[in-house]
Amino acid sequence: MAGTDFGHAIGLPRALSGLPLSPLVGGYGELLSAQQTLGLRHLGELLTPPGGRLRLLDGIFAVTGPGRRRHVGPEVLRSLRRDRPEPAAAWLLARLAAIQDADPAALRRILLYQLTHLLQDHPQGELPATAAGFGVDRAEAAALVQAAARRARLDQEQRAAAESLRDDVLEHRIRSAARRAALLPPAGEDRPLAALLAELAARTAAADTVLAVARRAEEQGHPGRACLHYEEAAALAGDCPRAVRGLVRTYRPEPGDPGPPVSVLVPGGVELRWPAEDFGDTRWRVVRLTRGAPAGAPLAEVPGRPVGGVLVDAGAGIGEEIRHVALPLRADGTVDGPPLIAAPLSVAPAVTAVTAVDGNGWIGASWTAPPDAVHCEVTLTGPRGPVPVPPVARAGSRETLRVEGPTPGRYAWVVRARYAPKGGAERGALSAPVTVPVTVHAWPEPVLTLTALPREAGGVEFRRTGGDGAEVRLVRWPGTTPAERAELTAAELPPPLDWAGPGWTDAATDDPATSVAGTSVPGAGVPGAGLPGTGGPTGHGPACVGHPPPGSQTVVSAVSVLGARAVAGPSVLVEAPLPVTGLVLRRAAPDVVEVGFDWPGAAGTVTAAVTQDGRRTELAVARSVFLREGLRLPVTPAALSVEVHAAPRSARSVLASPGADARAELPADVAVSYELVPGARRGLRRGPAVLRVTVRAPGDAPGPDLPDLPGFVLVARGDGGRDPRRPSGPVDGPTVCRVTGAELAAAAASTGTGTGTVERPIDTAVAPGRPYALRGFLLGGSAASVRLEEPPLPTLVIR
């Protein structure tokens with residue numbers, strides 16, 4: 001209908017006869033990214049001041065008021081750039097000015113393309129008010145909305161193709177451009193797009209024609225001629241996969257041609273290194289070919305330019321076999337001359353951090369497997385050829401392998417990573433081998449058992465089995481004791497015990513008169529140890545004598561050493577307690593003995609042994625109890641002896657004797673008692689009092705068992721007081737009666753029961769005046785060992 005076409009009465013004739021389907025500008029993606037950084041809905045918002053409007057039917061104008069508008073050309077864009085200090089806005093305005101300089105219609109085309117999509121994406125895009133909301137002048141809003149409604153709608157894939165089409169053409173990626181063009185709807189009234197698509201179709205047809213000629217020459221056995229045609233096809237379509245693959249098949253370098261680049265696996269991808277020749281300012285298009293990919297599959301182009309002759313390809317697939325082809329380019333981007341073709345390369349990263357160790361009868365290796373590897377293949381070669389290896393053990397990315405029983409010699413581990421098959425291949429790619437040599441050394445024989453045997457004079461004799469052919473050291477570990485048969489180095493061993501003998505001698509039997517068998521001690525229950533031990537008493541094997549310092553407690557470990565290698569052996573706990581000194585005995589009662597001594601150092605317990613009447617009784621005494629309460633032992637009145645020695649701090653200790661035990665003897669309990677017997681009554685008076693002295697000793701035959709009995713004296717003291725004070729000693733007053741020790745012994749022996757009595761009259765003539773007090777005392781060298789029993793005090797006062 002007349003009057004319904006867009007622009008029929010507005011602006012120049014056919015000014016907007018068809019809205020663009022593509023911006024058709026190179027680097028549109030960069031423009032779009034900068035626009036989004038600035039938060040612009042479309043580029044027109046950068047060209048108008050706040051509150052201004054945009055007109056673009058017959059050119060780009062910024063409307064700033066009624067009747068005031070300014071044409072936006074390159075110079076205006078540059079002036080706007082000077083007014084916008086932001087880096088993103090300044091760059092974007094400079095880029096738009098360059099686009100305007102190259103093509104005055106390009107910026108208008110970009111603006112129409114963007115506004116069309118904004119209107120088509122808006123739910124009310126058919127209303128002129130919507131276009132006015134995007135900053136379009138109201139005089140042109142209705143026409144723009146009507147035109148946008150008639151233009152074909154593009155989905156996301158089509159928009160991406162439309163916006164990248166011009167880049168592909170400029171870079172001579174004709175095959176990619178053709179694929180993008182196939183996604184677009186018919187150009188219709190978009191004449192610039194139609195012209196571009198026609199040119200693209202012509203170049204595609206020309207490339208197909210040349211490819212057909214090249215294939216015929218190759219089939220006829222003329223690779224040189226075919227190579228020239230493939231090169232011509234690559235010049236027409238720089239991204240033609242058939243042309244590039246044909247070049248790889250047919251190109252043969254001639255003398256003087258530059259060498260190919262070298263592809264090398266590096267962390268994060270593949271590094272392509274150009275030969276040492278100087279290629280000046282040559283531009284390159286580098287593509288990656290993958291084995292197994294379809295012949296017509298699009299080429300994978302490596303982005304970026306070589307820097308210092310090196311280009312990194314981070315897009316190569318793990319496990320694929322690839323080949324890089326570098327195509328030289330002219331200034332306009334077309335292929336110029338034969339390619340540089342690198343050798344095939346398997347993108348199979350090798351294992352890393354490979355380490356190899358040897359131990360006592362084994363050899364091992366560990367490595368870090370690449371995350372994409374399916375498994376690792378390992379071989380071990382030794383002096384006698386290949387060695388069978390067990391399956392690999394894996395913990396995360398770290399893999400380990402251990403082989404038991406290799407003979408000493410030189411070995412080599414070879415580890416390769418296998419990847420899953422790609423592109424229909426039967427087997428996956430295999431990485432380059434990583435070879436690690438290792439030497440299996442001879443290790444010492446371990447010590448099997450270790451025993452300790454107490455000897456005289458505080459000595460300890462160590463005996464062992466095993467360790468043949470090696471140096472066996474006795475050591476004390478400063479920290480945690482290594483487990484038995486742990487593999488060590490000689491450098492990490494502590495120094496040998498300074499109190500052990502210098503070497504081992506043969507010992508065939510124990511001497512029961514001088515030794516007590518010891519055992520090797522497991523670490524459980526041993527302070528400071530964590531040591532496994534084995535064995536028990538043994539009378540065979542080499543022996544070594546040592547004298548541990550008094551008061552020490554030592555976990556003694558045996559270690560076998562051969563060269564720089566050592567093997568931990570069993571351990572035994574040796575304790576050398578301090579001797580007990582100052583032992584004294586005192587009979588507190590006929591059946592109680594008080595024992596006193598100096599506590600031996602840090603000992604926690606002592607053992608007191610009482611021998612009496614042919615029986616020996618042992619008692620453990622704790623330090624805290626002894627210091628708080630002392631030691632009182634129940635006994636009989638018979639003679640006895642007491643031995644005291646420090647007890648071991650651990651039940652597993654082998655005790656080194658401190659020498660002679662502390663020993664004291666106490667004779668039988670002999671008691672002397674006395675009493676005053678009133679004299680016989682003679683009328684109204686009594687005769688003089690009689691002193692009765694009784695001796696009591698245990699046993700049926702006391703005579704030979706009695707000590708030399710002390711003598712007994714009775715002294716008197718009177719001071720004229722009503723209650724005279726008792727004598728304080730045998731010379732504190734006159735002696736009123738005396739009985740010799742011989743008389744007491746004779747009296748006890750005469751009865752045959754150990755008890756005898758001697759009576760003596762009191763010599764009152766020497767006594768002081770009445771009242772006076774009497775008291776008896778024992779005199780002689782054995783007085784301290786005889787107990788004196790005194791009668792009640794009132795009976796000893798004479799009034």
Judged by atom type as modelled, is there a donor-acceptor pair below 3.5 Å linking the side chain of [X] to the main-chain atoms of [Y]?
X	Y	result
R587	P667	yes
T465	T449	yes
E487	N360	yes
D358	H441	yes
W443	G359	yes
T751	G756	no
T554	V556	no
T764	A767	no
W504	V472	yes
E461	R455	no

Can you find a pair of side-chain heavy atoms, one from [X] and one from [Y], that are under 4.5 Å apart?
X	Y	value
T694	T755	yes
E790	R775	yes
C544	R464	no
V447	V559	no
S557	V475	yes
V610	L619	no
V621	V644	no
V693	R760	no

Handout entry: Full working for side chain to side chain contact (heavy atoms under 4.5 Å, CB included) between F712 and V786
Key = CA-CA 11 Å; F712 178 84; V786 175; over 6 Å; no
Within this structure, what is the [atom1]-[atom2] distance for the pair [X] and [Y], rounded to the nearest 0.5 Å?
X	Y	atom1	atom2	answer
R615	L640	CZ	CG	12.0 Å
L744	R696	CG	CZ	12.0 Å
L578	D598	CG	CG	11.5 Å
L493	W477	CG	CH2	5.0 Å
E675	E789	CD	CD	11.5 Å
R485	S560	CZ	OG	9.5 Å

Regarding [X] and [Y], do their side chains bring together a donor and an acceptor under 3.5 Å, going by distance alone?
X	Y	answer
W362	E404	no
T636	Q612	yes
S366	R398	yes

Exercise for the section: Take the angle between the ring planes of F597 and F626 and call it parallel below 30°, perpendicular above 60°, tilted in between. Expected result: parallel
Practice task
Start with the C-alpha gap between V670 and V695, add the side-chain angles, then the distance that decides, and say whether side chain to side chain contact (heavy atoms under 4.5 Å, CB included) holds.
Solution key: CA-CA 7 Å; V670 177; V695 59; 4.1 Å; yes
Practice task
For atom CZ of R410, decide whether the heavy atoms of other residues, nucleotides or ligands shown that lie under 6.0 angstrom number more than 12.
Solution key: yes
Closest non-hydrogen atom pair, [X] against [Y]:
X	Y	result
A576	P548	CB-CG, 3.7 Å
A646	L655	O-CD2, 4.1 Å
T795	L676	O-CD1, 3.5 Å
V654	A452	CG1-O, 3.5 Å
V715	P730	CG1-O, 3.2 Å
P482	A568	CB-CB, 4.2 Å

Exercise for the section: Name all pairs fulfilling the salt bridge (charged side-chain N to carboxylate O under 4.0 Å, His left out) condition that reach into residues 623-639, sequence neighbours left out, sorted by first residue then second. Expected result: E594-R632
Practice task
With side chain to side chain contact (heavy atoms under 4.5 Å, CB included) as the test, would you mind laying out the steps for V642 and L666 before giving the verdict?
Solution key: CA-CA 8 Å; V642 176; L666 193 65; over 6 Å; no
Completion exercise
Applied to residues 599-608, the side chain to side chain donor-acceptor pair (under 3.5 Å) test, sequence neighbours excluded, yields none
Problem - Audit row: T451, V572, side chain to side chain contact (heavy atoms under 4.5 Å, CB included) steps and yes/no - result: CA-CA 7 Å; T451 58; V572 64; over 6 Å; no
